[in-house]
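Starting from 1, each residue takes its place in the sequence as its number.
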Amino acid sequence: MATDTDTAAPALRFEGVGVAYPGAAGQALRDVSLEVARGELVVLLGPSGCGKTTLLKTVNRLVTPDSGRVLLEGADVRAGGATALRRRIGYVIQATGLFPHLTVAQNIGLVPGLLNWEARRTRERVDELLALVKLPADYGSRYPRQLSGGEAQRVGIARALAADPAFLLMDEPFGAIDAIARDHLQEALLEIQSRLRKTILFVTHDVDEALRLADRIAVLRAGRLVQVATPLDLLSRPADAFVRELLGADDLFRRLGLLRVRDLMAPPGDGAEAPGTAAGTEADTDATSASKTSVGSRVDLGPDDDLREALTALLRSEASELPVRDADGTLVGRLSLEALRRVSRPGGAP
Ligand SMILES: Nc1ncnc2c1ncn2[C@@H]1O[C@H](COP(=O)(O)OP(=O)(O)OP(=O)(O)O)[C@@H](O)[C@H]1O
Ligand SMILES: [Mg+2]
């Protein structure tokens, strides 16, 4: 059957995808090959017009490649019907695309309705999703015009998740929103993703957003894939001057502020607790960040601390490395000044 899925295949795979829009001079995409693993969040990053939206649309067949193919769980997306395909894929667009004449609950319940869910099951799902995106339950009866931009985006995300699709396509979903609301939405998405583990293709031209959200970032330039790498690898080993400039890889403090301790820490080791740890004075260990805990005379790092905080803590402690502990105080790794020094050299290997 066409609906069969191959669980050994990558969740999503682009094979030499090329797109030329009719009447356009050049190609919008050239020979793009990329694999996305199940549960992975891959960000498509690049300047305006580089082909991000086009690549996204080849997945739900809003655009058909002229060459190459797109496989979803091993099956060509062109194999079955477009409608069945789109029901497996949540789609969030920048303008949210909420229907103005439908309430929030009706907007969220749209796909379950199309799938002929019972009214009660749909209602429960709507409540569950409003809670998931942290909107009050009584927002269900509001109309989109009665929402702020950020709230409307949350409804857009809830709607995309309604029928519990394994895949999410998000095209600059937080583009038109002020910095604070955007920050909250990014946090909400990370939290939702840590629970639901969807396979997500997320488009942005905001580098900070990409570094913050992505498991891997795919950099596009003029229709070609330039580099695919983790945020840390991309910053420390940009493929060329274009990537380096795009990422602002020369701005050391900014990039450290966007990466987390967990990305760079070494394993806890042989159980010997961080040999270079300072036996510093009380004053030295007065942690500046609430996320740090003091154990005796020592400052610990948390895996979710950013590397800029970590550098500050390391310099204050005068230690060559610090232990990393999770919320229950379990030793999960250690971070050395040397590791930070290595990633701080643009183009230098971490
Ligand atoms: N329907 C279309 N017909 C003709 N050309 C198109 C069409 N849609 C997009 N293009 C062209 O294809 C190229 C890639 O467009 P695309 O929308 O994928 O870019 P993008 O990376 O999403 O840009 P942005 O960041 O501005 O959204 C651009 O040169 C664009 O002008
Ligand atoms: Mg676009």
How long is the gap from [atom1] on [X] to [atom2] on [Y], to the nearest 0.5 Å?
| X | Y | atom1 | atom2 | result |
| --- | --- | --- | --- | --- |
| R61 | L85 | CZ | CG | 6.5 Å |
| D127 | T122 | CG | OG1 | 11.0 Å |
| D305 | L335 | CG | CG | 10.0 Å |
| D206 | E172 | CG | CD | 8.5 Å |
| E40 | E35 | CD | CD | 9.5 Å |
| L41 | L190 | CG | CG | 7.5 Å |

(request) Not counting sequence neighbours, list each pair that qualifies as a ring pair (Phe, Tyr, Trp, His ring centres under 6.0 Å) and has a residue in residues 185-212. (result) F174-F202

(message) Could you go through R341 and E338, starting from their C-alpha distance and side-chain angles, then the distance that decides it, and tell me whether this counts as salt bridge (Lys or Arg N to Asp or Glu O under 4.0 Å)?
(response) CA-CA 5 Å; R341 207 172 268 135; E338 184 49 35; 3.2 Å; yes

Would you kindly confirm whether [X] and [Y] end up in one hydrophobic cluster when ILVMFWY residues are joined by side chain heavy atoms under 4.5 Å apart?
| X | Y | answer |
| --- | --- | --- |
| L115 | F167 | no |
| L62 | V203 | yes |
| V332 | L301 | yes |
| L201 | V63 | yes |
| L98 | L185 | yes |

Exercise: identify the closest heavy-atom pair between [X] and [Y]:
| X | Y | answer |
| --- | --- | --- |
| S336 | L314 | C-CD1, 4.1 Å |
| A158 | I108 | CB-CD1, 3.8 Å |
| D306 | G257 | CB-O, 3.4 Å |
| P323 | D300 | CG-OD1, 3.3 Å |
| V70 | P65 | CG2-CG, 4.4 Å |
| A20 | Q27 | CB-CG, 4.0 Å |

Hey, are the side chains of [X] and [Y] touching, using non-hydrogen atoms and a 4.5 Å cut-off?
| X | Y | result |
| --- | --- | --- |
| D164 | K198 | yes |
| E73 | R38 | yes |
| L161 | L168 | yes |
| N107 | P144 | yes |
| V19 | V32 | no |
| L44 | L34 | yes |
| Q227 | D233 | no |
| P231 | L259 | yes |

(request) Could you check D183 against R212 for salt bridge (Lys or Arg N to Asp or Glu O under 4.0 Å), going step by step and ending with a plain yes or no? (result) CA-CA 10 Å; D183 202 65; R212 182 159 187 216; 2.9 Å; yes

(request) Might you work through the side chain to side chain contact (heavy atoms under 4.5 Å, CB included) test for D215 and V42, ending with a clear yes or no? (result) CA-CA 6 Å; D215 293 314; V42 169; 5.8 Å; no

Just by distance, do the side chain of [X] and the backbone of [Y] share a donor-acceptor pair under 3.5 Å?
| X | Y | result |
| --- | --- | --- |
| S236 | L232 | yes |
| Q153 | R182 | no |
| D263 | R260 | yes |
| T199 | G39 | yes |
| R13 | L72 | no |

(request) In plain terms, say whether R30 and D66 are close enough for a salt bridge, that is, a side-chain N and a carboxylate O under 4.0 Å apart. (result) no

(request) Flag the pair R125 and E128 as a salt bridge only when some basic side-chain nitrogen lies within less than 4.0 angstrom of an acidic carboxylate oxygen. (result) yes

For residues 48-57, please give each side-chain donor-acceptor pair under 3.5 Å, one per line with the distance, not counting sequence neighbours.
residue: K52; atom: NZ; partner: G46; partner atom: O; Å: 2.9
residue: K52; atom: NZ; partner: P47; partner atom: O; Å: 3.1
residue: T53; atom: OG1; partner: D171; partner atom: OD1; Å: 3.4
residue: T53; atom: OG1; partner: D171; partner atom: OD2; Å: 2.8
residue: T54; atom: OG1; partner: Y21; partner atom: OH; Å: 2.8

(request) Please report the C-alpha distance between L12 and V59 in whole Å, then the side-chain angles of each, then the deciding distance to 0.1 Å, and finally whether the side chain to side chain contact (heavy atoms under 4.5 Å, CB included) criterion is met. (result) CA-CA 9 Å; L12 176 62; V59 180; 4.1 Å; yes

Run the side-chain donor-acceptor check on residues 217-224: report pairs under 3.5 Å with partners two or more places apart or on a different chain.
none

(message) Taking side chain to side chain contact (heavy atoms under 4.5 Å, CB included) as the definition, give me every residue that meets it alongside R69, ordered by chain and number, with sequence neighbours left out.
(response) E15, L71, D76, R78

Just list the side-chain donor-acceptor pairs under 3.5 Å for residues 131-143, sequence neighbours left out, or say none.
residue: K134; atom: NZ; partner: E191; partner atom: OE1; Å: 3.2
residue: K134; atom: NZ; partner: E191; partner atom: OE2; Å: 3.0
residue: Y139; atom: OH; partner: E151; partner atom: OE2; Å: 3.1
residue: S141; atom: OG; partner: D138; partner atom: O; Å: 3.2
residue: R142; atom: NH1; partner: Q146; partner atom: O; Å: 3.0

(request) Using the side chain to side chain contact (heavy atoms under 4.5 Å, CB included) rule, take H184 and R154 through it: C-alpha gap first, then chi angles, then the decisive distance, then the call. (result) CA-CA 10 Å; H184 288 152; R154 285 171 194 258; 3.5 Å; yes

(request) With side chain to side chain contact (heavy atoms under 4.5 Å, CB included) as the test, would you mind laying out the steps for L307 and V261 before giving the verdict? (result) CA-CA 6 Å; L307 292 183; V261 166; 4.2 Å; yes

(request) Check which hydrophobic residues are tied to F99 through side-chain heavy-atom contacts below 4.5 Å, counting indirect links as well, and list them. (result) L102, L110

